[in-house]
Amino acid sequence: MDTPPNHSLRSRFAGDPGKTGIPERLAAGPPGWETYADVVVIGSGIAGLTAALRIREVLPAGGSVMVVTKDILSAGSTQWAQGGIAAALGDGDTPEQHLQDTLVAGAGVCDEEAVRVLVTEGPDAVRELIALGTNFDHTSGGELSLTREGGHLRDRIAHAGGDATGAEIQRALVAAIHASPEIGVTEHALAVDLIPGAGGGIAGVTLHVMGEGQQDGIGAVMCRAVVLASGGLGQVFSQTTNPPVSTGDGMALALRAGAVLRDLEFVQFHPTVMWLGPDSRGQQPLISEAVRGEGAFLVDWEGNRFMQGRHELADLAPRDVVAKAITRRMHEEGKPHMWLDARHLGAGFWEKRFPTILATCRAHGVDPVTELIPVAPACHYASGGVATDLDGQSSLPGLFATGEVACSGVHGANRLASNSLLEGLVFSRRIAEAIERDGLPQRRSPVADARTAGLVSAAVMADSQRVMTDKVGVLRTASGMTEAVDDLAALANQAEDDPRTESWAVTNLVTISSALGTAALLREETRGSHWREDFPEHDDEHWRGHIDTVLADGVLHPSYHPDGVRAGA
């Protein structure tokens, strides 16, 4: 396959781009305490808790698993998932149909082998989740209730509590963890950096525990393997559906340790996020795609159904199509948002099917039973992340990744709705299967860490988010992203002397923002959730592949790899 055009752009980064100011590690001093676990799982959503439960099952007697979570065990993105989990569980549906829908949404850069794993192993994984105690909704006849979301040509979305699927899954998994006392849990702990091991790979991970007792402050957990399940990067942008803990910590930690990040440019913006006003920042209320799946539709300020004629699925087109259409109409009309009309669903339907969304809307002064809901796109999901193989193994020995922090290849350029919970479930199971089959890596002794330590000032968070939102958001241009990369480099050079949770989180945000911006600038085409106004067409001849990013000596090195070439290959 030909290499991409515009080699001058590639040399801007891959040649001698100069220092970016990105720290290579965060903790400068020695850890104040040390403990051991065979496997450390970082994250407590569906991916992390599934990994912990399954890995503990396959370890020999006496084997230990520690779950590390930045907040409490039940916090994270999983609990906010409204729509549901996709799997071919209905009459007439098949994994092959699910595969085809996923490939279409992924716009030509899905790893088909990974997608096939997802859709074929997905139904049994969901059944296992049900056996664990997850209470999905059922029809009056006792069958699993399935609905449809954008990009799906079949009803295959299982949901719970109407629109509280993530919360119900999280409840069941947390209960299972509590029933497994052999799994250790460390809450209010930020994973700071991986500890390099002799001969390559990792020897452990440093944590900052925000609590009282012997394991407080900076410490080290020595281990044989780390499973990253830390979620996404939503707080990179000013508005997101992600919780405050989603600051890209796992991706940044992996990048600093030398792992390959893949396809960071593909960030999905959910098209229907409730607009709370021009000054609203941080986590915003999501209006699930399932609302449109049940018949709601988008209108502009004149009441026109502007999705009609734009795509064969109209309001249920893939999310990138809908987000772009909303953004374009906002620009055309000079308006800060569009509207979602679900009034015809009726009060009874709203109260039964979408009680959580109904309560949220009313809490913000909008009654969707009688009023239009103001909506605008906001950052929702990272399709890229730590590059892995089909068993969740990253390019760094001993480091696995699963869920949103990972790039398994299933999402391509645009995640199909409700595939994310399934991905965390399926690939966490596969990590455990790989450990059972191959055994854990040998325990490595730590070696002196020669990486330069440093922190970015916590005061730059809002500026970093503004830069990303304005210049690397739904619609992108070379000039805007070049300015963003330069702006971020300047922000990265604003050092912080006070090592604390806020400065570590902001350092991670700036690090991942810089990596995302450089990857997006390198991909000179429009594909899926990556929309270039200056390159509005697909370019399959040159760009049907992946952009991998590594960090070396404080410099980001993005590079293009043809389709089918995995990180580290």
Side-chain angles (χ1 to χ4, degrees), residues 23-29 31-45 47-49 51-52 55 65-73 75-77 183-197 201-211 215-233 235 243-259 261 385-386 392 394 396 398-406 428 431 446 449 451 453 455-456 499-509 511-512 551:
E24 296 171 89
R25 64 185 174 105
L26 302 188
W33 50 267
E34 184 177 308
T35 188
Y36 176 81
D38 288 312
V39 181
V40 176
V41 178
I42 299 172
S44 62
L49 298 187
I55 290 171
V65 179
M66 176 186 290
V67 175
V68 173
T69 182
K70 194 174 177 182
D71 201 319
I72 60 174
L73 201 60
S77 293
I183 298 177
V185 176
T186 301
E187 297 180 316
H188 302 292
L190 173 68
V192 178
D193 273 315
L194 295 173
I195 300 170
I202 59 174
V205 58
T206 53
L207 306 179
H208 179 247
V209 180
M210 299 156 278
Q215 291 186 353
D216 183 25
I218 286 286
V221 184
M222 312 310 292
C223 61
R224 297 169 66 180
V226 169
V227 178
L228 287 178
S230 52
L233 47 71
Q235 296 296 328
V245 294
S246 297
T247 51
D249 301 325
M251 295 182 197
L253 172 145
L255 184 67
R256 288 192 296 269
L261 302 190
V386 180
S394 76
L396 190 63
L399 178 65
F400 297 85
T402 176
E404 190 173 357
V405 71
S428 293
I431 290 173
D449 196 336
R451 295 175 296 173
L455 289 172
V456 177
R500 54 196 172 98
T501 302
E502 292 81 6
S503 53
W504 282 316
V506 171
T507 302
N508 289 336
L509 277 180
T511 296
I512 294 305
L551 176 68

Using atom types as modelled and distance alone, determine if a side-chain donor or acceptor of [X] lies under 3.5 Å from a backbone N or O of [Y].
{"X": "T206", "Y": "D193", "answer": "yes"}
{"X": "S428", "Y": "A47", "answer": "yes"}
{"X": "R25", "Y": "R451", "answer": "yes"}

Quiz item: So, K70 versus T247: side-chain donor-acceptor pair below 3.5 Å or not?
Solution: yes
So, do [X] and [Y] sit near enough that their side-chain heavy atoms are less than 4.5 Å apart?
{"X": "L73", "Y": "V67", "value": "yes"}
{"X": "L26", "Y": "P499", "value": "no"}
{"X": "V39", "Y": "V227", "value": "yes"}
{"X": "F400", "Y": "I55", "value": "no"}
{"X": "T35", "Y": "M222", "value": "no"}
{"X": "I218", "Y": "W33", "value": "no"}
{"X": "R256", "Y": "L551", "value": "yes"}
{"X": "L207", "Y": "V221", "value": "yes"}

For a quick test of reading the model, state the closest non-hydrogen atom pair linking [X] to [Y] and the distance between them.
{"X": "P446", "Y": "I195", "answer": "CB-CG2, 3.8 Å"}
{"X": "P23", "Y": "V456", "answer": "CD-CG2, 4.4 Å"}
{"X": "P196", "Y": "A203", "answer": "O-CB, 3.9 Å"}

To the nearest 0.5 Å, what is the distance between [atom1] on [X] and [atom2] on [Y]?
{"X": "L455", "Y": "E502", "atom1": "CG", "atom2": "CD", "value": "11.5 Å"}
{"X": "D249", "Y": "L190", "atom1": "CG", "atom2": "CG", "value": "5.0 Å"}
{"X": "D71", "Y": "S44", "atom1": "CG", "atom2": "OG", "value": "8.0 Å"}

Self-check item: Partner set under side chain to side chain contact (heavy atoms under 4.5 Å, CB included) for S394, not counting sequence neighbours
Solution: V386, L396, L399
